Amino acid sequence: MNFESYVFLFFVYAFLGYICEVIYCSIGQKKLVNRGYLYAPICPIYGAGAVLIIFCMTPIKDMWYLVLILGILLTSGLEYLTSYLMEVLFHMRWWDYSKRKFNINGRICLRNSLLFGALVMAVMYGLQPLALKGMELLSDTALRIIDCVFTLGLIVDTIFSTIKNINIAKVVHKISDITEEAKDKLMLMKEAAGEKLTEAKDYIGNTAIALKLKEFIAKYPNLSIRKIGKGKKRLSVSEFIAKHLGSKDDKDESSHS
């Protein structure tokens, strides 16, 4: 086959790969899922994988077992490389198999690799002979025109899709930064509150107020602080002191009693 034939096959298998992805993911999520990275209904990784398989496996297609093993290795390697490059570009993991058994860094897993192996066999011994017969119906000029139109469309689509996905990635990272900042502020507030409680505990424990406070609570054991607002409960002063401001000895005594 010449270069034009491989380009044409790239688009054929990229479209078929898109169909497979949509069906596979839609069944899993029980709703229609558009898994395409591009606006067009194609998945370039499937087209590239199919062309790689056809180019490498055609000379050994009579040894089906070797085609299967090498096909699994090649397609899995391509998926791993694509995952890594997309993460470097967008700073996001586009798919993650960490929860599946026998995965490598969450980028590839045994189940998907075996499915890719099945697709390799389907391509080499089922689809590819039909694709070759279909291309025989096209003249060289028609094939070049189709390749040029589709390639130009792919370039334009890739540019706009990448811009869109980069912008989406920026939004995701912005939300992540805001969330982390909020967590940090909450942590600082908790630390400040803890310091204030420690300060109050030290104040009560190291002054004459402690004796008066204990005497006061002894006289009025049901003393509570009024809570304003709907659904608010009254705060028991004795329980609050024992829980937040009481010393370790006080807590031990209360537990033994």
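Model, not experiment: these values are computed from the prediction. All residue numbers in this chain count up from 1 along the given sequence.
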Could you tell me whether the side chain of [X] and the main chain of [Y] form a donor-acceptor pair under 3.5 Å?
X: Asp157; Y: Leu38; result: no
X: Asn105; Y: Arg107; result: no
X: Thr75; Y: Ile72; result: yes
X: Tyr97; Y: Leu110; result: no

Calculate, to the nearest 0.5 Å, the distance between atoms [atom1] and [atom2] belonging to [X] and [Y] respectively.
X: Ile146; Y: Thr141; atom1: CD1; atom2: OG1; value: 11.0 Å
X: Ile163; Y: Thr158; atom1: CD1; atom2: OG1; value: 11.0 Å
X: Met92; Y: Ile166; atom1: CE; atom2: CD1; value: 10.0 Å
X: Leu52; Y: Tyr6; atom1: CG; atom2: OH; value: 10.5 Å
X: Glu21; Y: Ile42; atom1: CD; atom2: CD1; value: 13.5 Å
X: Ile53; Y: Met121; atom1: CD1; atom2: CE; value: 11.0 Å

Begin with the C-alpha distance, continue with both residues' side-chain angles, and end with the deciding distance and a verdict on side-chain contact (heavy atoms from CB on, under 4.5 Å) for Thr82 and Trp95.
CA-CA 10 Å; Thr82 302; Trp95 58 84; 4.0 Å; yes

Specify the closest pair of heavy atoms between Ala131 and Leu9, including all atoms of both residues, with the distance to one decimal.
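Smallest interatomic distance, heavy atoms only, reads CB-CD2, 3.7 Å.
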
Looking at Ser161 and Tyr39, what are the two nearest heavy atoms and their distance?
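In this case the closest contact between Ser161 and Tyr39 is OG-CD1, 3.2 Å.
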
Would a single hydrophobic cluster contain both [Y] and [X], if residues Ile, Leu, Val, Met, Phe, Trp and Tyr are joined by side-chain heavy-atom contacts under 4.5 Å?
X: Leu78; Y: Leu73; value: no
X: Val88; Y: Leu81; value: yes
X: Tyr46; Y: Tyr24; value: no
X: Val7; Y: Leu138; value: yes
X: Leu16; Y: Met135; value: yes

With a 4.5 Å limit on heavy-atom distance, are the side chains of [X] and [Y] in contact?
X: Lys101; Y: Cys109; value: no
X: Ile23; Y: Ile27; value: yes
X: Thr58; Y: Met1; value: no
X: Arg100; Y: Asn112; value: yes
X: Asp140; Y: Glu4; value: no
X: Leu70; Y: Cys56; value: no
X: Leu74; Y: Met57; value: yes

Begin with the C-alpha distance, continue with both residues' side-chain angles, and end with the deciding distance and a verdict on side-chain contact (heavy atoms from CB on, under 4.5 Å) for Phe11 and Leu154.
CA-CA 9 Å; Phe11 287 104; Leu154 176 62; 4.0 Å; yes

[X], [atom1] atom: more than 12 neighbouring heavy atoms under 6.0 Å:
X: Lys164; atom1: NZ; value: yes
X: Tyr84; atom1: OH; value: no
X: Phe160; atom1: CZ; value: no
X: Phe15; atom1: CZ; value: no
X: Tyr37; atom1: OH; value: yes
X: Trp64; atom1: CH2; value: no

Just to verify, what does Tyr18 make a side-chain hydrogen bond (donor to acceptor under 3.5 Å, both in side chains) with, not counting sequence neighbours?
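Only Asn34 meet the side-chain hydrogen bond (donor to acceptor under 3.5 Å, both in side chains) criterion with Tyr18.
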
Phe116: what forms a ring pair (Phe, Tyr, Trp, His ring centres under 6.0 Å) with it, not counting sequence neighbours?
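With sequence neighbours excluded, Phe116 shows a ring pair (Phe, Tyr, Trp, His ring centres under 6.0 Å) to no residue whatsoever.
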
Report yes or no: do Asn165 and Thr162 form a side-chain donor-acceptor pair below 3.5 Å?
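Short answer, no.
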
Check step by step if side-chain hydrogen bond (donor to acceptor under 3.5 Å, both in side chains) holds for Thr151 and Asp147.
CA-CA 6 Å; Thr151 300; Asp147 288 349; 6.0 Å; no

